[in-house]
Amino acid sequence: MLPIHAIRNELSAVLKRSRRIILTAPTGSGKSTQVPQMLLDLGALGNGKCVVLQPRRLATRLLAKRVAEERNTALGGKVGYQIRLESVCGPDTRIHFETEGILLRQMLSQPDLPGVAAILFDEFHERHVYGDVTLAQALQLQKTKRPDLLLIVMSATLDTRLLLPYLDPCEHIHSEGRTFPVEIEHLVKPLHPDRDTPWEAAAEAYEHAARKGKNPGDTLIFMPGAYEIQRTVEALRQTDAAKGTLILPLHGELPPPEQDAAVARYDRKKIVVATNVAETSLTIEGIRLVIDSGLARVARFDPWRGINTLLIENISRAAADQRAGRAGRTAPGLAIRLWTEQEHAGRAAHDLPEIKRIDPAEIILTLKALGVRDLAAWPWLEPPEPRALERALSLLRDLGALDTAGAPTPLGRRMLSFPVHPRYARMLLAAGERGAVRPVALIAAIAQGRPLLVRRAGKAADEQRRDLLGDAGGSDLLVLMRAWNYARQHRFDLDRCRRLGIHAAAARQVGPLWDHFLRIAESQNLPIESSPPEDAEIAKCVLAGFSDQVARRLDCGSLRCELVHGRRGELARESIADEAALLVANEIREIGRGDGEISVLLTQATAIRPEWLRELYPEDFSERIAVVWDAAAKRAVARLEIVFRDLALDSRLVEPPPTEESARLLAGAVLSGECTLKAWDRAVDQWIARVNLLAKACPDWELPAYGETERELLIQQICHGAVSYKEIKDRPVLHAVKSLLSPAQIAQVEKHAPERVLLANGRSVKVQYLDTAEPYISARIQELFGVASLPALAQGRMPLVIHILAPNQRPVQITKDLSGFWRDHYPRIRQELRRKYPKHEWK
DNA sequence: GAGCACTGC
């Protein structure tokens, strides 16, 4: 008998007096399968049905199957399920398992939910957006038109302090689970952020457990990503304790056979080193020891810049408990946490809900269509960040989905018929006007699923891809389409797909979704063309959905780009749009690499022409596409500006000794991301080569020839505080520089101690200051970070080097995008150069 | 010498 049955009588009693119930019970208690049946058997459903919301498709299907078996009925009869594109249910279905999202879409067409007697929100602690919003909407429905509607929120580790008042009046039922005790060990001394690595700490923890005989079964190690997993596997191989033990990596990017290998059972011990997949999606049997790095890569939407981020963060206490619980599924276990008890107390109790982290545009449009006028007054369980809300509203207005008063337009309502982000919905509607519905629907279908192409497929796959898929008109989206067509032609054959670096499983899911979108397009009276459109027409559709993600390449020597709204990024190396000066990127993502550096990557890019922008946005061409100018007229100027920048950066060499002015320019360059220290290693050489080339090409410019000056340059920069000595002292490439600095010089730089500043948007920065305030820089900083003021700015000090701190308090980046700085100051630099080089003919 | 967690309509 399952532990959950112990609460049957209590549930029965509570049902008589309450329509809102919170039910907490640990994993494995059987609540997902038993509670719906209890409701049915207790007659709590009347003639209606109970909808059980699940966060994952696989679980939805499996739970429905098990309950159907337990009740001896056919699946799709009394017990059924529904997930996207798959509905196994009928008019008799009383227990209806659904993925979150299905019900919300039903509410769009049937707001009163006829026939639904109860809604069960399972695994609610995961706090996905659809769960949150469906609960709020159901609650409203219950308060207004459906007082009979029964709402039950179920979870293993629920934040009841938040939910109890939200659902008040509400009953709370708790049931014990069937898990084994898990002993928890913390570190005695915290890991040193610079010296200690999580992978070495994990290997040590394993050795320590093995010495004490505490690894009687299999081991599960949690790491934030593929890079860290690889390092952990290597570190474990160096230990004696892991000799003869299978060491298996597990993360989403691995091909299915390798994922299966990690889950499979063996006749000897294994250590699985995994990402968060093992926390929720996959269950690995026989785990007795968990080693937890306490880290995860967390996707967020940065509403200040309007880009997605994927950075390493500390997991919450609740998530750590969830991870530890994996050691006690079959027998008592041990969990070793790679942080101290004190650090643990300082961690967040729960992870931030999805609504606080993601771009809320799609959900906002849905709510608008549901008739919500005032989003601030709508009963959110937790509202999105005000800035994110603001940005979503302006995006929706920009896409034409909302009018100036914030009400949905007819176009916005049509967009909602497509179950995708409004950007893709807008693309699809544009496709209807341009005879490009088929390819654009395919692009949208590919974009919805798992990544189609393997990221680092290897050299052979790269070459094969190029041979077979070709240049595809300068758009990565067309490459994706060709790759998918190739996979389909070969019936998603695993071997053939792997050779091209195509995820066969991901590819297989695209076809049905494509059909689905085409059917919706038909129902919306979009003409489905019989002959394929020009590539340019597809690109214009992309622009309709992503016009605020237009980027201009800064030069042809690097992949750096300037984006609309003063943002910076780098085009993905594998992009085939790398010949274009102007492009639109469907994805912008800031990524924290394993080594701690951060970069903003532009992926899924499409080459575009300026005249298309003029065609699409005739009335507000120049404001909308701030970085885009008429290429023919401005190309020469653009080239010159790049030269100016180089010269300005090197102006100290043009005219030594360095002035305060040039030091400030350099500081600006560091702040603007022109020269991160990492880039410095590479770029110094490049600059010098470029200036030398320039000197050769333009003899009348009187440029000095550079040779062995980069060391000197660096020393000067360090002395001026333009880069922090501390930051570069450990970099091997720059090691030689260190020996050339006097102790006094070092001391002078180091006295500028960084100051920790907590920002309004939840992140914190460490700022080093010089004792001169620059109003234009402080203005940029305030705009970018969204703070009213940095304390030191008010004291007349100028921020010099900014360390963005990841939530785990490690400095991960030393610069911040302040690209507007340069645009603002080109005229001044130009003037200076004009004075310096009067012989040259300046335009 | 290099860049990435997991879901869902």
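Letters go in sequence order (proteins before strands), and every chain restarts at 1.
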Practice problem: Nearest whole angstrom, please: distance from the C1' of B:dC6 to the CG of A:D351. | Solution: 12 Å

Exercise. Please report, rounded to the nearest Å, how far the C1' atom of B:dG1 is from the CG atom of A:L559.
Key: 14 Å

Quiz item: Atom CG of A:L513 and atom C1' of B:dC9: how far apart are they, to the nearest Å?
Solution: 9 Å

Quiz prompt | Any residue meeting ring pair (Phe, Tyr, Trp, His ring centres under 6.0 Å) with A:F418, in chain and number order, not counting sequence neighbours | solution = none

Practice problem: Using a heavy-atom cut-off of under 4.0 Å over every strand shown, decide if A:A226 touches base, sugar-phosphate, or nothing. | Solution: sugar-phosphate

Quiz item: Does the cation-pi check pass for A:R347 over A:W339, that is, NZ or CZ under 6.0 Å from the six-membered ring centre and within 45° of its axis?
Solution: yes

Quiz item: Are there more than 12 heavy atoms of other residues, nucleotides or ligands under 6.0 Å from atom CD of A:E86?
Solution: yes

Quiz item: Residues two or more places apart in sequence or in another chain: which of them pass ring pair (Phe, Tyr, Trp, His ring centres under 6.0 Å) with A:F517?
Solution: none

Quiz item: NA contact type, A:T366, heavy-atom cut-off 4.0 Å: base, sugar-phosphate, or nothing?
Solution: nothing

Quiz item: How long is the line joining CD1 of A:I83 and P of B:dC9, in whole Å?
Solution: 7 Å

Quiz item: What does A:E362 touch in the nucleic acid at a heavy-atom separation under 4.0 angstrom: a base, only the sugar-phosphate, or nothing?
Solution: base

Quiz item: Over how many whole Å does the gap from A:Q54 atom CD to B:dC6 atom C1' extend?
Solution: 16 Å

Self-check item: Separation of atom CD in A:Q137 from atom C1' in B:dC9, rounded to whole Å
Solution: 16 Å

Quiz prompt | Comparing A:Q259 and A:V420 on DNA chain B - which has the more 5′ nearest nucleotide | solution = A:Q259

Practice problem: Report which part of the nucleic acid A:R450 touches: base, sugar-phosphate, or nothing (heavy-atom distance under 4.0 Å, all strands). | Solution: base

Quiz item: B:dC4 P sits how many Å from A:H251 NE2, rounded?
Solution: 10 Å

Self-check item: Within-4.5 Å side-chain heavy-atom neighbours: A:E313 and A:L295
Solution: no

Quiz item: Across the strands shown, which category fits A:A296 at heavy-atom distances under 4.0 angstrom: base, sugar-phosphate, nothing?
Solution: nothing

Quiz item: Reckon A:I102 touches a base, only the sugar-phosphate, or nothing at all at heavy-atom distances under 4.0 Å?
Solution: sugar-phosphate

Exercise. Specify the separation, in whole Å, of atom CZ of A:R297 and atom P of B:dC4.
Key: 6 Å

Exercise. Quick one: label A:E574 by what it contacts on the DNA or RNA (base, sugar-phosphate, nothing), any heavy atom closer than 4.0 Å.
Key: base

Quiz item: A:R56 near the nucleic acid: base, sugar-phosphate alone, or nothing, with a heavy-atom cut-off under 4.0 Å?
Solution: sugar-phosphate

Quiz item: Which nucleotide, B:dA5, B:dC4, B:dC9, lies nearest any side-chain atom of A:T603?
Solution: B:dC4

Quiz item: Can you find a side chain N or O atom of A:T99 that sits less than 4.0 Å from OP1 or OP2 on B:dT7?
Solution: no

Practice problem: With heavy atoms under 4.0 Å as the rule, sort A:V298 into base, sugar-phosphate or nothing. | Solution: nothing

